[in-house]
Novice: 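Below you will find the structure I want to go over with you.
Just so you know, these numbers use all the heavy atoms, side chains as well, and skip hydrogens, waters and symmetry mates.
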Amino acid sequence: MKVEMQKVGMEIETEVPQARWAQIYGELRRRIISCELAPGTSVSEVALAREYSVSPTPVRDALSRLRQEGLVSPANGRSYQVTPISLSDFKSLGDARFLLESGVVRMLIADASDQAIGSLEVIARLPRPTPTEAAELIGLNRAFHLGVARLTGNHRIVSMLARILDESERLFNLGIVSWPVGHLEETHLELIDALRRRDVDRAVAICLQETQETNHRVIEAIMCDPGRIPIVAG
C-alpha cells in the first residue's frame, strides 16, 4: 500500500508495511489452500506465534479471519483445526460455483461486447509447451474463470467466485482430482464460442458440464482409494 504526501510542493511516496497479522493470515491461508497444512491438522496460537516470532495477538487475529472464511475451526483451548473436507461440502461448492458462473455467462451474453469476449482467448489458450504441473494448471484455470467473471464489472461476483475456487482448490492439491490437461483449453474455448454466438443454453451447459465432470472425478478417486484421502463423511 502506498501513501502520497504533499510537502513543500512535492509529492512523496512512502511504503506502508502490511500489518503483521495480515502477513500471517496470508501465509497461513496459502498453506491451507495448498494443503501444506492438510485438512484436520491441529494448529495452536502458541506454536504459530513461536514459528512467526511474534506475540499471540497477530496470530489470534489471523486465525479469527481464517475462521470467518471457514478454513479453520476452534478446538481445545487456544488450538484450532484446519477444516476437514467433506463430500457434502464439495457438492455444495460445486452447486454454488455453477449457480454463480451460469449467472455470469447470462450477464455477459446480454451485455458484453464481442471485443471483450474475444479478449478471453488470451487466457484460455495454454502456453506452449503445455504445462503438466498441477499447481500451474490450477492457476491457469483459476485465471480464466476469474477473467470471465471480471467482464461483468461486478467486484462482488469476482470475490465470491475467487473464494469458491480457493476452497475447491484444496481437493486438487490433495491429489484427489487428476487435471484433464487437453480438455481444459478445449472447454474454455468452447465457452468463449458460446458467448460470442450469444448461445445461453450452450454456455450454461458448459458450466454445468465442468461441475459435473469434476464431481465425478472426485467420487471416482475416493472409491478407488478411500483410505488415502482425508475426507470426512457428511
Novice: Would you mind checking if Arg97 and Glu167 are paired as a salt bridge, meaning a charged N to carboxylate O distance below 4.0 Å?
Specialist: no
Novice: Within the 4.5 Å heavy-atom criterion, are Leu63 and Leu28 side-chain neighbours or not?
Specialist: yes
Novice: Inspect the contact between Arg29 and Glu169 and indicate whether a charged nitrogen and a carboxylate oxygen are less than 4.0 angstrom apart.
Specialist: no
Novice: When Glu101 is tested against each of Ile206, Val148, Leu161 for side chain to side chain contact (heavy atoms under 4.5 Å, CB included), which residue passes?
Specialist: Leu161
Novice: Are any of the side-chain nitrogens in Arg65 or Asp61 under 4.0 Å away from the carboxylate oxygens of its partner?
Specialist: no
Novice: Identify the heavy atoms of Gly70 and Arg163 that sit nearest to each other, and give their distance.
Specialist: N-NH2, 4.1 Å
Novice: Which atoms form the tightest heavy-atom contact between Ala194 and Arg202, and what is the distance?
Specialist: CB-CG, 3.8 Å
Novice: Which residues pass the ring pair (Phe, Tyr, Trp, His ring centres under 6.0 Å) test with His188, not counting sequence neighbours?
Specialist: Phe144, His145
Novice: Report yes if some heavy atom in the side chain of Val82 is under 4.5 Å from a heavy atom in the side chain of Leu71; otherwise report no.
Specialist: no
Novice: Any idea which heavy atoms bring Arg196 and Gly118 closest together, and the distance?
Specialist: NH2-CA, 3.5 Å
Novice: Any donor and acceptor pair, going by atom type alone, linking the side chain of Arg67 with main-chain N or O of Val72 inside 3.5 Å?
Specialist: no
Novice: Quick one: closest heavy-atom pair of Cys207 and Val105, and the distance?
Specialist: SG-CG1, 3.9 Å
Novice: Any side-chain heavy-atom pair from Gln23 and Tyr52 closer than 4.5 angstrom?
Specialist: no
Novice: Which heavy atom of Ala62 sits nearest a heavy atom of Trp21, and at what distance?
Specialist: CB-O, 3.6 Å
Novice: If every non-hydrogen atom of Leu126 is compared with every non-hydrogen atom of Glu185, which pair is closest and at what distance?
Specialist: N-OE1, 2.7 Å
